[in-house]
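What's counted below: heavy atoms across the whole structure, side chains too, no hydrogens, waters or symmetry copies. Small disclaimer: the values here were computed from a predicted structure and weren't measured.
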2 protein chains.
Amino acid sequence: MNIGQAARKTELPTKTIRYYEEIDLISSIRSENGYRTYTDQDIHRLTFLKRSRSLGFSIEECRLLLSLYDDKDRASSDVKAIAQGKIIEIEQKITELQSLKATLGTLVNHCHGDNKPDCPILDGLSDKTVNWSAEENGKHHCCKN
Amino acid sequence: MNIGQAARKTELPTKTIRYYEEIDLISSIRSENGYRTYTDQDIHRLTFLKRSRSLGFSIEECRLLLSLYDDKDRASSDVKAIAQGKIIEIEQKITELQSLKATLGTLVNHCHGDNKPDCPILDGLSDKTVNWSAEENGKHHCCKN
DNA sequence: ATAAGACTTCCAGTGACTGGAAGGTCAAGT
DNA sequence: ACTTGACCTTCCAGTCACTGGAAGTCTTAT
């Protein structure tokens with residue numbers, strides 16, 4: 001099948017499929033007219049890439065996973081270790097985002113949000129000496145609640 | 001003060017400070033020898049940028065926040081709305097990551113992680129017909145527990 | 001015959017920096 | 001006076017994972 005059909009099957013843009021070939025994640029055979037041709041095997045590989053990428057693996061991690069996928073003698077423990085490492089990364093990212101959210105939430109809660117120019121959010125952003133911890137209870141110069 | 005001292009004060013790399021100038025987020029006056037010179041006002045602005053960026057605002061959002069910061073007549077509600085929108089974005093990102101984590105966790109739990117080549121994680125990645133929802137309880141071809 | 005659509009390659013742009021080369025300036029020490 | 005080293009300058013290239021667009025070839029349908 002041609003690249004368009006492969007794109008439809010895998011739900012990957014054709015641009016992305018060509019890009020994956022360019023960086024040697026996949027290969028393709030060309031038919032007489034120069035068009036790329038894909039087999040079911042290729043679709044499998046592209047699906048693998050699509051799912052791995054959507055699960056947060058980088059291209060280089062995908063390359064590693066694919067090499068393990070291709071290696072008939074690999075140990076499943078190798079793959080498990082990679083996936084577990086990725087889970088830890090994701091957990092760290094979540095923690096970080098929760099902290100951001102808490103800080104922003106504090107800023108927002110301190111802001112009366114009216115038409116007056118006085119804005120505790122901007123003050124909080126500009127003044128690094130202000131301690132905008134999420135838990136603090138607002139005895140600030142800027143507001144009374 | 002010169003760029004090095006400004007960098008130390010704001011904990012931003014000099015490269016980043018020059019970059020912010022290049023994209024017109026900040027400006028600087030030059031002394032006779034061509035060195036960039038920064039005032040306390042500039043340090044304030046750079047600190048604002050550093051904190052906004054670390055809270056997840058994009059450069060363009062920072063540009064908008066700075067323009068509100070500069071606008072003595074802005075309404076604090078404008079700033080509040082931006083911050084609230086950002087909180088929602090962060091919440092969505094967290095939800096997404098939690099879903100990734102759940103899926104990866106399921107894959108990992110299905111993998112015995114031994115020296116044998118059979119690996120449910122790779123199977124799960126390559127076969128889009130396998131339903132790897134996080135809640136499912138493992139009556140798969142690949143394992144018995 | 002022609003038009004639409006699918007395919008090709010190549011080049012450039014994204015965001016937010018980061019690294020490195022090649023050179024100018026300055027203060028301290030010998 | 002000279003050297004060393006830190007600090008500064010500009011400019012160009014690279015990162016990551018695509019994405020967009022131009023210009024041209026090929027196939028298919030009317």
Euclidean distance, atom CD of residue B/E11 to atom P of C/dC17 [Å, nearest integer]: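 Between P of C/dC17 and CD of B/E11: 15 Å.
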
Interatomic distance where CG belongs to B/N2 and P belongs to C/dC26 [whole Å]: 10 Å

Qualifying residues under side chain to side chain contact (heavy atoms under 4.5 Å, CB included), relative to A/T16, sequence neighbours excluded: A/L12, A/P13, A/Y20

Between B/S76 and A/D114: side-chain donor-acceptor atoms closer than 3.5 Å: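 Per modelled atom types, B/S76 and A/D114 side chains form a pair under 3.5 Å.
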
Outermost DNA chain D nucleotides near chain A [under 4.0 Å, heavy atoms]: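 Listed 5' to 3', the contact boundaries are D/dA17 to D/dT27.
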
Sequence neighbours excluded - salt bridge (charged side-chain N to carboxylate O under 4.0 Å, His left out) pairs with any residue from residues 64-73 of chain B: B/R45-B/D70

Quick one: side chains of residues 85-97 of chain A, donor-acceptor pairs under 3.5 Å with protein atoms, not counting sequence neighbours, listed by atom name and distance.
residue	atom	partner	partner atom	Å
A/K86	NZ	A/G56	O	3.1
A/K86	NZ	A/E61	OE1	2.9
A/K86	NZ	A/E61	OE2	3.3
A/K86	NZ	A/E89	OE1	3.0
A/E91	OE2	B/K101	NZ	3.3
A/T95	OG1	A/E91	O	3.0

Side-chain donor/acceptor of B/K50 to backbone N/O of B/E11, under 3.5 Å: yes

For A/R36, salt bridge (Lys or Arg N to Asp or Glu O under 4.0 Å) partners two or more places apart: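 Checked A/R36 against salt bridge (Lys or Arg N to Asp or Glu O under 4.0 Å); matches are A/E21.
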
First encountered from the 5' end of DNA chain C, between A/G4 and B/F57: A/G4

Inter-end axis angle, the helix from C/dA1-D/dT30 to C/dT30-D/dA1, with every axis fitted to five base pairs (rounded, 10 degrees):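 What I find for the helix from C/dA1-D/dT30 to C/dT30-D/dA1 is an axis angle of 30°.
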
Partners meeting side-chain hydrogen bond (donor to acceptor under 3.5 Å, both in side chains) with B/S27 (sequence neighbours left out): none

With B/R63 via side-chain hydrogen bond (donor to acceptor under 3.5 Å, both in side chains) - residues at least two apart: B/E60

Exercise: identify the closest heavy-atom pair between A/C111 and A/C119: SG-SG, 4.2 Å

Touch class at under 4.0 angstrom, heavy-atom based, for A/I3 against every strand present: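 A/I3: backbone/sugar contact only, no base atoms under 4.0 Å.
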
Residue of the set B/D42, B/L66, B/I17 for which side chain to side chain contact (heavy atoms under 4.5 Å, CB included) holds with B/I26: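 So, applying the side chain to side chain contact (heavy atoms under 4.5 Å, CB included) to B/I26 and each of B/D42, B/L66, B/I17, only B/I17 qualifies.
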
By ring-ring contact (aromatic ring centres under 6.0 Å, His included) - contacts of B/Y35 (at least two apart): none

ring-ring contact (aromatic ring centres under 6.0 Å, His included) partners for B/Y38, two or more places apart: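 So B/Y38 forms no ring-ring contact (aromatic ring centres under 6.0 Å, His included) with any residue.
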
DNA chain C contacts among residues 14-21 of chain B, heavy-atom distance under 4.0 Å: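 Residues of residues 14-21 of chain B under 4.0 Å from DNA chain C: B/K15, B/T16, B/Y19, B/Y20.
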
Neighbours of DNA chain D within residues 30-38 of chain B, by heavy-atom distance under 4.0 Å: B/R30, B/G34, B/Y35, B/R36

Geometric class of the A/Y69/A/H44 ring pair [parallel <30°, tilted 30-60°, perpendicular >60°]: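 Rings of A/H44 and A/Y69: parallel, under 30°.
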
